[in-house]
K.L.:
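Sharing a structure below in structure tokens format, with a few things to ask.
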Amino acid sequence: MATTNDLKNGMTLKLDGGELWSVQEFQHVKPGKGGAFVRTKLKNVTSGKVVDKTFNAGIKVETANVDRRDMQYLYHDGDSFVFMDNDTFDQLNVPQDVVGDAANYLLESAVVTVATYEGNPLYVELPAAVELVISQTDPGVQGDRSTGGTKPATLETGAVVQVPLFITTGEKIKVDTRSGDYLGRVN
């Protein structure tokens, strides 16, 4: 248990009958009239839904001990992904629906953060950007290089991103894992 005065970004709270919520933002407000309160923006850990919630200052809230560990992605096995803890070498099967869109940017041996609560995987957190090789894209036409247009490119993971016309098959690019945007070439 913690009080609302102890809230920090990234902290996980157990509210509304056991649902886990991550604190995205918080603000202590002390109006001229009335008691102080804490305005928060909370994100549901499992569904990703974001809500605004206000607490009176000093109220006790239940915190959840979410274990976040760096794990190495080993392989895809049927409907789950297998990760290995880099410290203990224990393997963890994470269901496909928990991995979600992160699967578009996962390469074997990539190190990601896996969050678990009471042994159950909650989510997989990728680095902000990853470097991937383009496995297929249409060739750019001579003279198209200055128009600023884009074309679809298939990455080695199977994900499709929009890239500038001058990018060719076999090039390594940097991709934003949150939005799927092209960030640039990698030399």
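What you see below is based on every heavy atom in this structure, not just the backbone, and it leaves out hydrogens, waters and symmetry mates. Here the structure is a predicted model, which means the values were calculated and not measured.
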K.L.:
My understanding is that a hydrophobic cluster links ILVMFWY residues whose side chain heavy atoms are under 4.5 Å apart, including indirect links. Using that, what else belongs to the cluster containing Val45?
P.N.:
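The other cluster members (ILVMFWY side chains, heavy atoms under 4.5 Å, direct or chained) are Leu20, Val66, Tyr117, Leu122, Tyr123.
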K.L.:
Are Ile173 and Val186 close enough that some pair of their side-chain heavy atoms sits under 4.5 Å apart?
P.N.:
no
K.L.:
Would a 4.5 Å heavy-atom cut-off, applied to side chains only, mark Pro164 and Tyr182 as touching?
P.N.:
yes
K.L.:
Considering residues at least two apart in sequence or located in another chain, which fulfil the side-chain hydrogen bond (donor to acceptor under 3.5 Å, both in side chains) criterion with Asp70?
P.N.:
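By the side-chain hydrogen bond (donor to acceptor under 3.5 Å, both in side chains) rule, Asp70 matches Thr113.
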K.L.:
Looking at Arg68 and Glu125, does any basic side-chain N land under 4.0 Å from a carboxylate oxygen?
P.N.:
yes
K.L.:
So that I can tick it off, tell me whether Lys14 and Glu19 are bridged by a salt bridge, with the cut-off set at under 4.0 angstrom between side-chain N and carboxylate O.
P.N.:
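No salt bridge links Glu19 with Lys14.
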K.L.:
Can you check whether Lys41 reaches Val50 side chain to side chain, under 4.5 Å on heavy atoms?
P.N.:
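A side-chain contact under 4.5 Å exists here.
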K.L.:
With the side chain counted from C-beta on, respond yes when Leu92 and Thr116 share a heavy-atom pair under 4.5 Å apart, and no when they do not.
P.N.:
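SC-SC contact between Leu92 and Thr116 confirmed.
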K.L.:
So, are Asp67 and Arg69 salt-bridged, with charged N and O less than 4.0 Å apart?
P.N.:
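Result for this pair is yes, salt bridge flagged.
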K.L.:
Are Val133 and Glu171 packed together at the side-chain level, in the sense that at least one heavy-atom pair is separated by less than 4.5 angstrom?
P.N.:
no
K.L.:
Would you find a donor on one side and an acceptor on the other, under 3.5 Å apart, between the side chain of Ser135 and the backbone of Thr154?
P.N.:
yes
K.L.:
Charged N to carboxylate O below 4.0 Å: is that the case for Lys151 and Asp138?
P.N.:
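So Lys151 does not pair with Asp138 through a salt bridge.
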K.L.:
Which residues end up grouped with Met84 if you chain together Ile, Leu, Val, Met, Phe, Trp and Tyr wherever their side-chain heavy atoms are less than 4.5 Å apart?
P.N.:
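Members alongside Met84: Leu74, Tyr75, Val82, Phe89.
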K.L.:
Mind checking what makes side-chain contact (heavy atoms from CB on, under 4.5 Å) contact with Glu118, not counting sequence neighbours?
P.N.:
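Counting only residues at least two positions away or on another chain, Glu118 forms no side-chain contact (heavy atoms from CB on, under 4.5 Å).
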K.L.:
Could you identify which residues cluster with Phe37, counting Ile, Leu, Val, Met, Phe, Trp and Tyr as linked when any side-chain heavy atoms lie under 4.5 Å apart, either directly or through a chain of such contacts?
P.N.:
Val29
K.L.:
Which Ile, Leu, Val, Met, Phe, Trp or Tyr residues join Leu13 in one cluster when any pair of side-chain heavy atoms under 4.5 Å counts as a link?
P.N.:
Leu7, Met11, Leu15, Trp21, Val23, Phe26, Val38, Leu42, Val51, Phe55, Val61
K.L.:
Short question: side chain of Thr4, backbone of Gly58 - any donor-acceptor pair under 3.5 Å?
P.N.:
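Between the backbone of Gly58 and the side chain of Thr4 there is a qualifying donor-acceptor contact (under 3.5 Å).
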K.L.:
Is a side-chain N or O of Thr177 found less than 3.5 angstrom from the main chain of Pro127, in a donor-acceptor match?
P.N.:
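Looks like yes, one N/O pair under 3.5 Å.
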K.L.:
For the residue pair Val94 and Val124, establish whether any side-chain heavy-atom pair is separated by less than 4.5 Å.
P.N.:
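In short, these two side chains touch, coming nearer than 4.5 Å.
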